[in-house]
Structure formats: structure tokens, C-alpha cells
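Reviewing the structure listed below.
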There are 2 protein chains.
Amino acid sequence: MFEIDPKSRTPVYVQIKEQIMLFVQLGLLKPDEQLPSIRELSKQLGINVNTVKRAFSDLEIEGIIYTVAGRGCFISDDAFSNSKIKENALRDLQDSIKSSIAKGISKNDILVLVDELFKEG
Amino acid sequence: MFEIDPKSRTPVYVQIKEQIMLFVQLGLLKPDEQLPSIRELSKQLGINVNTVKRAFSDLEIEGIIYTVAGRGCFISDDAFSNSKIKENALRDLQDSIKSSIAKGISKNDILVLVDELFKEG
DNA sequence: CAACTGTGATATTACATATATCACAGTTAT
DNA sequence: ATAACTGTGATATATGTAATATCACAGTTG
């Protein structure tokens with residue numbers, strides 16, 4: 001279910017965070033569903049336990065998941081009720097688009113790209 | 001003309017690169033126009049010479065500017081003829097949009113944002 | 001009790017960013 | 001020729017982040 005791209009410039013723990021958030025968005029992970037344990041997931045992905053722990057801790061702070069001591073981590077009921085994440089995402093996206101405009105990307109380039117991304121997903 | 005946001009999470013040398021590329025896009029910097037010297041610019045911005053040097057060296061490798069020994073740095077005639085920059089920009093933008101989708105940003109959110117950015121600029 | 005969960009702390013390695021200095025070489029104007 | 005400017009190159013240092021490697025501790029489950 002999970003996959004990591006070691007070549008990517010985005011940190012591994014961020015890749016994990018975003019995959020989990022995406023799976024929640026897509027409905028592949030539902031409220032109160034249990035996530036793989038950090039040891040299990042670290043084995044699967046061939047990375048260190050601490051790296052997975054970092055991702056899960058972040059997600060818990062952001063209210064996406066909750067943990068039960070000794071049992072595991074689960075998707076929150078209100079995983080995306082908190083608007084802070086969406087606000088931050090919008091701000092980051094704005095920076096990225098501005099940056100791309102500086103490099104010669106046109107409005108049409110962006111619209112085509114957006115269409116493609118929402119066609120596939 | 002140039003401005004740096006020290007609070008921003010994007011590295012200072014990247015901010016400089018992107019401002020120069022943006023100014024070229026906007027026609028504020030034209031082919032063969034001379035840039036401020038790295039010492040001058042570092043004074044203006046209150047940052048180290050090496051940081052400006054890093055930005056200029058990057059831009060030269062990317063073909064955006066060229067340098068004449070002892071004279072200074074200038075905008076290339078073919079600053080944006082090289083498609084590598086646009087390709088990289090598109091790839092980066094794709095990653096950013098995917099990331100924002102994972103955080104609950106809708107297609108409409110993006111379209112509204114794009115409209116705003118192209119209205120102002 | 002054994003085997004599993006997450007937690008917490010520590011140490012280490014590697015890399016990126018940014019700074020501080022210094023010496024060197026080419027250009028320009030006086 | 002000299003002074004004052006350009007960029008170049010190297011070195012050293014500090015800081016923060018990312019990732020790894022270990023270890024000990026505590027709660028849960030069968």
C-alpha cells in the first residue's frame with residue numbers, strides 16, 4: 001500500500017505523511033481504521049523506525065491520526081475538520097505557483113496540468 | 001529592486017534566483033542588461049557575498065545569466081530558450097499540486113487560486 | 001509470560017544553508 | 001601604474017534538518 005521514492009528530494013517522513021493524508025482523502029483509509037505499526041511499516045519500506053515515528057507524530061499533532069498506548073495508531077474521526085492543514089496547503093501551493101510563473105510557466109500550462117492530475121486521480 | 005524574506009522557509013539563494021527569473025519574465029531585466037555586483041547586492045540585502053554568489057553561479061549554469069571576468073554579470077540573450085528550466089518547474093509544480101490534493105485542496109480551490117494570481121500579476 | 005504496540009532519550013552521520021575571511025585575477029578609469 | 005571596482009576560489013565554521021542505530025521503558029493482548 002505504501003511506497004517510498006528514495007530519489008525524491010522530499011523527505012521520507014513527509015512522503016509518508018502525504019501518502020496517509022492522500023489515502024484518507026481518497027477514502028482508502030477510513031475513520032478509526034488502524035494504521036500499520038511503525039515497526040511493521042519501517043520493515044516494509046526498508047527505513048528506520050524513527051523516520052516512521054516522525055511522520056506519525058507529526059500527523060498526530062496535526063490531528064490526522066490518534067494513538068492508543070500499546071495498541072497502535074488510527075485515523076481520526078475528524079481527520080480533516082481542522083482547517084489549519086488546508087490553509088497551510090493553500091499558502092504553500094500559492095508559493096509554488098508563483099515560483100513556477102517566475103520560470104516561464106503560463107496560466108494555460110497550469111490549467112492543463114491540473115486537468116491531467118484530476119483526470120488520473 | 002530586490003527583497004529578501006528572512007522568515008521564509010525557502011533558502012535565501014533560491015529567493016534571489018527566483019526574483020531575477022521573475023524580473024526577466026516581467027521584462028524588468030532585459031537581455032545583456034547588467035545585474036548588480038555580488039558585493040553590492042549582498043550589501044543591499046544584508047547577507048553574505050557567498051550567498052549571492054551561489055545564486056548567480058546557479059543561474060549561470062542554468063543559462064539565465066552570463067558573467068564577464070572583471071566586469072560583472074548580465075542577463076543572457078536566450079535566458080529562457082532552454083527548456084530545462086520550464087521542464088523542472090513543471091515537475092516541481094506537479095509535486096506541489098499532488099501534495100495539496102492530499103491535504104484536501106479541491107480542483108476548484110486551485111482554479112480560483114490560479115485566477116487570482118494571474119489577475120494581480 | 002511472550003509478543004506485540006508506542007514512547008523517550010541518546011549518539012552519530014550526512015547534507016544543505018549561510019556566514020566569515022582571505023587571496024587571486026581581470027576590467028576600468030584616473 | 002594605481003586605485004577601485006568586477007568575479008573566482010578555497011577554507012573554516014555554525015546551524016538546522018534528515019535519517020540512522022540503539023537502548024530502555026510502559027501499555028495491550030493472547
Side-chain angles (χ1 to χ4, degrees), chain A residues 1-20 29 32-76 88 92 95 99, chain B residues 1-20 29 32-76 88 92 95 99:
Chain A
M1 186 168 183
F2 291 90
E3 273 184 18
I4 289 301
D5 177 11
K7 302 174 193 168
S8 172
R9 305 144 303 291
T10 66
V12 173
Y13 81 94
V14 176
Q15 291 184 46
I16 297 173
K17 286 180 62 179
E18 298 202 332
Q19 276 190 53
I20 291 177
L29 286 174
D32 296 323
E33 184 169 342
Q34 182 164 14
L35 290 160
S37 78
I38 59 176
R39 287 184 177 82
E40 165 65 20
L41 188 51
S42 69
K43 272 187 196 168
Q44 268 187 38
L45 300 176
I47 60 178
N48 193 270
V49 183
N50 298 333
T51 305
V52 181
K53 167 71 176 147
R54 168 72 187 273
F56 279 29
S57 295
D58 272 24
L59 289 173
E60 184 168 26
I61 291 172
E62 291 164 3
I64 308 288
I65 69 177
Y66 65 92
T67 70
V68 180
R71 290 199 51 223
C73 296
F74 305 82
I75 304 295
S76 294
N88 289 337
D92 289 347
D95 287 348
S99 160
Chain B
M1 185 166 185
F2 291 90
E3 272 182 19
I4 290 300
D5 176 11
K7 301 173 193 169
S8 171
R9 305 143 303 289
T10 67
V12 173
Y13 81 94
V14 175
Q15 290 185 45
I16 296 172
K17 288 179 62 180
E18 297 201 333
Q19 276 192 50
I20 291 177
L29 286 174
D32 296 322
E33 184 171 341
Q34 184 164 12
L35 290 161
S37 78
I38 59 176
R39 288 184 178 81
E40 165 66 19
L41 189 50
S42 70
K43 273 187 197 170
Q44 267 186 40
L45 300 177
I47 60 177
N48 194 269
V49 183
N50 298 332
T51 306
V52 181
K53 167 71 175 146
R54 168 72 186 275
F56 280 28
S57 295
D58 272 24
L59 289 172
E60 184 168 27
I61 291 173
E62 291 163 4
I64 308 287
I65 69 176
Y66 65 94
T67 70
V68 181
R71 290 200 52 223
C73 295
F74 305 82
I75 303 296
S76 295
N88 288 338
D92 289 347
D95 287 348
S99 161

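Below, all heavy atoms of this structure are taken into account, side chains as well, without hydrogens, waters or symmetry copies. Proteins come first, then strands; the chains are lettered A, B, ... in the order of their sequence lines, and each starts at number 1.
C:dT7 atom C1' lies 15 Å from atom CG of A:D58, rounded to whole Å. In this entry the distance linking CD1 of A:I65 with C1' of C:dG6 reads 11 Å, nearest Å. We find that CD1 of A:I38 is positioned 8 Å from C1' of C:dT5, with the value rounded to whole Å. B:K17 has its NZ atom 14 Å from the C1' atom of C:dT17, to the nearest Å. In this structure, B:R54 places its CZ atom 8 Å from P of C:dA16, rounding to the nearest Å. The interatomic distance linking A:F56 (CZ) with C:dG8 (P) rounds to 16 Å, in whole Å. Rounded to an integer number of Å, the gap from B:L41 CG to D:dT6 C1' is 14 Å. Look at NZ on B:K43: it is 11 Å from C1' on D:dA4, rounded to the nearest Å.
Of all nucleotides listed (D:dG7, C:dT5, D:dA18), D:dG7 comes nearest to the side chain of B:T67.
Taken from OH in A:Y66 to CG in A:D32, the straight-line distance is 3.5 Å, to the nearest 0.5 Å. In this structure, the separation between CZ on B:R39 and NZ on B:K53 is 10.5 Å, given to the nearest 0.5 Å.
Under 4.0 angstrom from either OP1 or OP2 of D:dT8 there lies at least one side-chain N or O belonging to B:K53.
Contact check for A:I16 versus A:I47: side-chain heavy atoms found under the 4.5 Å cut-off. At least one side-chain heavy atom of A:L35 sits less than 4.5 Å from a side-chain heavy atom of A:L29. You'll find the side chain of A:T67 stays beyond 4.5 Å of the side chain of A:F74, heavy atoms only.
Using modelled atom types, one side-chain atom of A:Q15 and one backbone atom of A:D5 make a donor-acceptor pair closer than 3.5 Å.
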Q: Sugar-phosphate atoms are those with a prime plus P, OP1 and OP2; base atoms are the rest. Using that split, label each nucleotide of nucleotides 19-30 of chain D B, S or - for protein heavy atoms under 4.0 Å, 5' to 3'.
A: SBBB----BSS-

